[in-house]
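Here the structure is a predicted model, which is why all the values come from computation and not from measurement. Sequence lines set the chain letters: A, B, ... in the order given, protein chains first and strands last, and positions in each chain run from 1.
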Amino acid sequence: MDIEKKLGEKTKEALLFLYNASIEKITFEKTNPDFEGDLTLVVFNFLKISKKKPEETAAEIGNFLLANTPEVAGFNVIKGFLNIVISDAYWLSYLKSISGQPFINAELRADAPTVMIEYSSPNTNKPLHLGHVRNNLLGYSVAEILKAAGNKVIKTNLVNDRGIHICKSMLAWQKWGNGETPESCGMKGDHLVGKYYVEFDKHYKKEIEALISQGKSKEDAEKQAPLMLVAQEMLFKWEANDEKVRSLWLMMNNWVYAGFEATYNMLGVDFDKIYFESKTYLLGKNIIDEGLAKGILKRRSDNSVYIDLTADGLDEKTLLRADGTSVYMTQDLGTAVQRAEEEHFEKMIYTVANEQDYHFKVLFLTLKKLGYDWSAGLYHLSYGMVELPEGKMKSREGTVVDADELMQEMIDTAAATSKELGKAEGLSKEDSEKLYRTIGLGALKYFMLKVDPKKKMLFNPAESIDFNGNTAPFIQFNYVRIQALLRKAAEIPGLESTAPLVFPVNLMSKEKGLIIRLYNFNSILKEAASEYSPALIANYVYDLAKEFSQYYHDVPILKEEQKDLILFRLHLSKTIGTAIKASMKLLGIEVPERM
RNA sequence: GAUUCCAUAGCUCAGCUGGAUAGAGCACAAGUUUUCUAAACUUGCGGUCAUUGGUUCGAAUCCAAUUGGGAUCACCA
């Protein structure tokens, strides 16, 4: 049984017995490392019922717990803090109970809740950049965490494959591309299409400048620039199913998909279901009609349709233009309803940057007002943007950090560092390249996931991402040390023991600390799942690896003289290795066997 | 103007649901390897938790105001 739960119940008994009072909720904290003990009960809240001094109250409860709870080995009182020492026997029995168990139970109950999580959702007019990388890693990791916490997860991607931005790339390619293809120029398809998106912008800006110098306002110039007019015409043709435009669109989008696939593969993310906006952008209009019929939506005199959310502290939101065409919100309404009809889900998570907080507030509230019960399960996983030292990344100004380039740089750095340290000696070319990928991409993923998703994060291209300290390579390194120990142990004659493990009677403080960290895994996983925060897992696994690193440094394992102790320490190390690997998997990070 | 998010060491970040002397990593300084992989370990340096006020036995944490910064408030996506 969970030791905190048990102590909580015993404490309730103590309060009833000592002070004839019942308290609903008892919580314990980790004991401050400066004091002896494992769990601490703060008794200030109980002074009202005990009517005694803090020290006295704490001592009385401590004595009760000591007398009535076999797991409690002792206690000490400092001011209002009751520091409780849990017996080594309890921690050892806990370690025994998880022996050989996987840290994550993959088996799902038949009635496991279904969670749909949408992430990535790129535009198909340019390659992925660092902002997408955060989105992808976050979405993938949250999906893994939710799975591990016992949910059935459906990963989806809503690809924005139509719209004016795509037409801009198409038009520029048509005008200045000379028929070049990814094959002919050896460029990844998404990068090639992105090149023409930038090309469009370059010429477009010149046209605007020319118009402004002719005396037009900036606003008019942007609308009247010939290139923009042609791009818009292209969009109309696309919507009218014009054959030529459609086939150009299809060809260029396919280039992009091939490029994205390569990036996704390298990042290690995947999807169960991919939606395309070209197929969903017309959805939602019927919902508008229903909403109008119910009187929830209103029509303006110019025929446009809106919902009035001013009573909820938001604004009036237009849902259909005066000409009857949809806006972004319309198709988001439609897509949500379509998904709810296709799949039963308890939760649907949208992984989208926090610049769209307002959009999702409106979306969820509108669905609620339209009477969809399932809208209560919608959640916007709003994450902070990745910023550069000079501020926000801007694709058109070329200040973006390209995803493919960054990943390659990380792998190259990993390779250079590995060679420098002589870590890759004796590995085949294939194995060493796999190792560099594992380390380089691990460093990148950990760097992005260790930060609280809600907070914006800074990336400074001038400072390379670290491989030392609080990083994935450090965690991987400690996993590797454990595997090296286990390999060596297997070669030591006579060490292999088929007899049951003999656990020591007393634990070293580092050993106890490590077992307690293992014990904490489940509650951290639970919290990470309910907070949608891979950062909690990242911090956890770093702390575990760091504590192991200290243990490894201070305590002999294979060099220990007593065979029983060697086997015990190996067993503990192996269990820690399993926990590290499982935690890293939740972050989408692999661990190597040697490095 | 309205709404909203943020502010912790030189830098990047933990510290959520109020608890003991605010923690890591990087950087900087010094040390540790005939001993299981030194991408390591140890020690030192470094803080008015933006400011002010409030609630409380107790506030980095909750509330309010102020200052500074970001985002949003389109018949854009």
Check: Heavy atoms, side chains only, cut-off 4.5 Å: are A:M329 and A:T366 in contact?
Finding: no
Check: For atom C1', what is the distance between B:A27 and B:C16, given to the nearest Å?
Finding: 29 Å
Next item on the list: Look at A:D289 together with A:K285 and state whether they make a salt bridge at an N to O cut-off of under 4.0 Å.
Entry: no
Next item on the list: In whole angstrom, give me the gap between the P atoms of B:U8 and B:U4.
Entry: 22 Å
Check: Would you say A:K581 has more than 12 foreign heavy atoms packed within less than 6.0 Å of its NZ?
Finding: no
Next item on the list: Answer yes or no for A:R162 and A:Y281: cation-pi contact, defined as NZ/CZ to six-membered ring centre under 6.0 Å and angle to ring axis within 45°.
Entry: yes
Note to self: What's A:I557 touching, base or sugar-phosphate or nothing? Going by heavy atoms closer than 4.0 Å.
What the structure shows: base
Checklist line | Gap in Å between the two C1' atoms, one belonging to B:C36 and one to B:G25, rounded | finding: 26 Å
Check: Knowing that exactly one of A:F360, A:Y532, A:Y358 qualifies, which makes a ring pair (Phe, Tyr, Trp, His ring centres under 6.0 Å) with A:H380?
Finding: A:F360
Check: When you compare B:G10 with B:U52, how far apart are their C1' atoms, in angstrom units rounded to a whole number?
Finding: 27 Å
Notebook entry, point to check: Do A:N83 and A:T40 meet the criterion of a side-chain donor-acceptor pair at a distance under 3.5 Å?
Noted result: yes
Notebook entry, point to check: Just by distance, with hydrogens left out, do A:Y350 and A:Q356 show a side-chain donor and acceptor under 3.5 Å apart?
Noted result: no
Notebook entry, point to check: Starting at NZ of A:K454 and ending at C1' of B:A14, how long is that distance when rounded to a whole Å?
Noted result: 13 Å
Notebook entry, point to check: Counting any heavy atom closer than 4.0 Å, what does A:N478 reach on the DNA or RNA strands: base, sugar-phosphate only, or nothing?
Noted result: nothing
Note to self: Counting the atoms with a prime plus P, OP1 and OP2 as sugar-phosphate, which does A:V555 contact under 4.0 Å by heavy atoms, base, sugar-phosphate, or nothing?
What the structure shows: base
Protein N or O to nucleotides 20-27 of chain B N or O, pairs below 3.5 Å:
unit_1, atom_1, unit_2, atom_2, d
B:A20, N6, A:T40, OG1, 3.1
B:A20, N6, A:N83, OD1, 2.8
B:A20, N1, A:N83, OD1, 3.2
B:A20, N1, A:N83, ND2, 3.3
B:A24, O2', A:Y542, OH, 3.4
B:G25, O2', A:N470, N, 3.3

Notebook entry, point to check: If we only count heavy atoms from C-beta on, is the A:T438 to A:V591 side-chain gap below 4.5 Å?
Noted result: no
Notebook entry, point to check: Looking only at side-chain N and O atoms, does A:K488 come under 4.0 Å of OP1 or OP2 in B:U37?
Noted result: yes
Margin query: If I take atom CG in residue A:L567 and atom P in nucleotide B:C36, what distance separates them, rounded to the nearest angstrom?
Written below: 19 Å
Notebook entry, point to check: Is the distance from OP1 or OP2 of B:U42 to the nearest side-chain N or O of A:Q550 less than 4.0 Å?
Noted result: yes
Notebook entry, point to check: Using a heavy-atom distance cut-off of less than 4.0 Å, which residues of residues 275-283 of chain A contact RNA chain B?
Noted result: A:E277
Output a table of donor-acceptor pairs, distance under 3.5 Å, between side-chain atoms of residues 466-473 of chain A and any protein atom two or more places apart or on a different chain; print 'none' if there are none.
unit_1, atom_1, unit_2, atom_2, d
A:N470, OD1, A:Y446, OH, 2.5
A:T471, OG1, A:F467, O, 3.3
A:T471, OG1, A:F474, N, 3.3

Check: How is A:F467 classified with respect to the nucleic acid when contacts are heavy atoms under 4.0 Å: base, sugar-phosphate, or nothing?
Finding: base
Check: Base, sugar-phosphate, or nothing for A:N45, non-hydrogen atoms under 4.0 angstrom?
Finding: base
Checklist line | Euclidean distance, atom OH of residue A:Y479 to atom P of B:U37 [Å, nearest integer] | finding: 16 Å
Next item on the list: Name the nucleic acid region contacted by A:S418, choosing base, sugar-phosphate or nothing; use a 4.0 angstrom heavy-atom cut-off, strictly under.
Entry: base
Notebook entry, point to check: With A:E547, which residues qualify under salt bridge (Lys or Arg N to Asp or Glu O under 4.0 Å), at least two apart?
Noted result: A:R517
Check: Under a 3.5 Å cut-off on both pairing distances, which runs of 3 or more consecutive Watson-Crick or G-U pairs involve RNA chain B?
Finding: B:1-7 with B:67-73, B:10-13 with B:23-26, B:28-32 with B:40-44, B:50-54 with B:62-66
Margin query: Please determine whether a side-chain nitrogen of the Lys or Arg among A:R487 and A:E491 lies less than 4.0 Å from a carboxylate oxygen of the Asp or Glu.
Written below: no
Next item on the list: Taking atom P in both B:C49 and B:A59, compute the distance separating them and give it to the nearest angstrom.
Entry: 13 Å
Check: Can you tell which of A:E60, A:K48, A:K51 makes a side-chain hydrogen bond (donor to acceptor under 3.5 Å, both in side chains) with A:Y19?
Finding: A:E60
Note to self: Between B:U37 and A:K423, counting only base atoms on the nucleotide and side-chain atoms on the residue, is there a donor-acceptor pair under 3.5 Å?
What the structure shows: yes
Item checked: Residue-phosphate contact under 4.0 Å: A:R321 side-chain N/O, B:A74 OP1/OP2 -> no
Polar atom pairs (N or O), protein with nucleotides 71-73 of chain B, under 3.5 Å:
unit_1, atom_1, unit_2, atom_2, d
B:C73, O2', A:D315, OD2, 2.5

Note to self: Mind checking if A:E527 touches a base, just sugar-phosphate, or nothing, with heavy atoms under 4.0 Å?
What the structure shows: base
Margin query: Using OP1 and OP2 only, check whether a side-chain N or O of A:K455 sits under 4.0 Å from B:A14.
Written below: yes
Next item on the list: Using atom types as modelled and distance alone, determine if a side-chain donor or acceptor of A:R300 lies under 3.5 Å from a backbone N or O of A:V305.
Entry: no
Margin query: Would you measure the distance from the C1' atom in B:U66 across to the matching atom in B:A30 and give it in whole Å?
Written below: 45 Å
Item checked: Gap separating the CD atom of A:Q483 from the CZ atom of A:R481, nearest 0.5 angstrom -> 13.0 Å
Margin query: Rounding to an integer number of angstrom, what distance separates B:C13 and B:A7 when you compare their C1' atoms?
Written below: 13 Å
Notebook entry, point to check: Reckon A:V42 touches a base, only the sugar-phosphate, or nothing at all at heavy-atom distances under 4.0 Å?
Noted result: base
Check: Can A:F44 be said to stack with the base of B:G19, given centres closer than 5.5 angstrom and planes under 30 degrees apart?
Finding: yes
Item checked: Contact nearer the 5' end of RNA chain B, comparing A:K559 with A:V451 -> A:V451
Notebook entry, point to check: Does any donor atom in the side chain of A:S169 or A:N125 lie under 3.5 Å from an acceptor atom in the other side chain?
Noted result: no
Check: When you measure from the side chain of A:H553, which nucleotide among B:C41, B:U37, B:A77 comes out closest?
Finding: B:C41
Next item on the list: Using a heavy-atom cut-off of under 4.0 Å over every strand shown, decide if A:I439 touches base, sugar-phosphate, or nothing.
Entry: base
Next item on the list: Mind calculating the distance between NZ (A:K52) and C1' (B:C57) to the nearest angstrom?
Entry: 19 Å
Next item on the list: Examine the base of B:A74 for any acceptor or donor lying under 3.5 Å from a partner atom in the side chain of A:T318, and report the outcome as yes or no.
Entry: no
Check: Once you round it to whole Å, what is the distance between P of B:A39 and CD1 of A:I411?
Finding: 21 Å
Note to self: Students often get this wrong, so: under 4.0 angstrom with heavy atoms, is A:V480 touching a base, only sugar-phosphate, or nothing?
What the structure shows: base
Next item on the list: Given side-chain contact (heavy atoms from CB on, under 4.5 Å), test A:E316 with A:D308 step by step and report yes or no.
Entry: CA-CA 4 Å; A:E316 285 183 2; A:D308 184 358; 3.9 Å; yes
Note to self: Regarding A:S549, tell me which of base, sugar-phosphate or nothing describes its non-hydrogen contacts under 4.0 Å with the strands shown.
What the structure shows: sugar-phosphate
Next item on the list: Find which nucleotide of RNA chain B each of A:E463 and A:L536 is nearest to by heavy atoms, and output the residue with the more 5' nucleotide.
Entry: A:E463
Next item on the list: Using the P atom on both, measure B:C62 against B:C26 and round to a whole Å.
Entry: 30 Å
Margin query: Set out, in order, the CA-CA distance, both residues' side-chain angles and the distance that settles side-chain contact (heavy atoms from CB on, under 4.5 Å) for A:F477 and A:K423, then state yes or no.
Written below: CA-CA 11 Å; A:F477 175 65; A:K423 297 280 187 182; 3.6 Å; yes
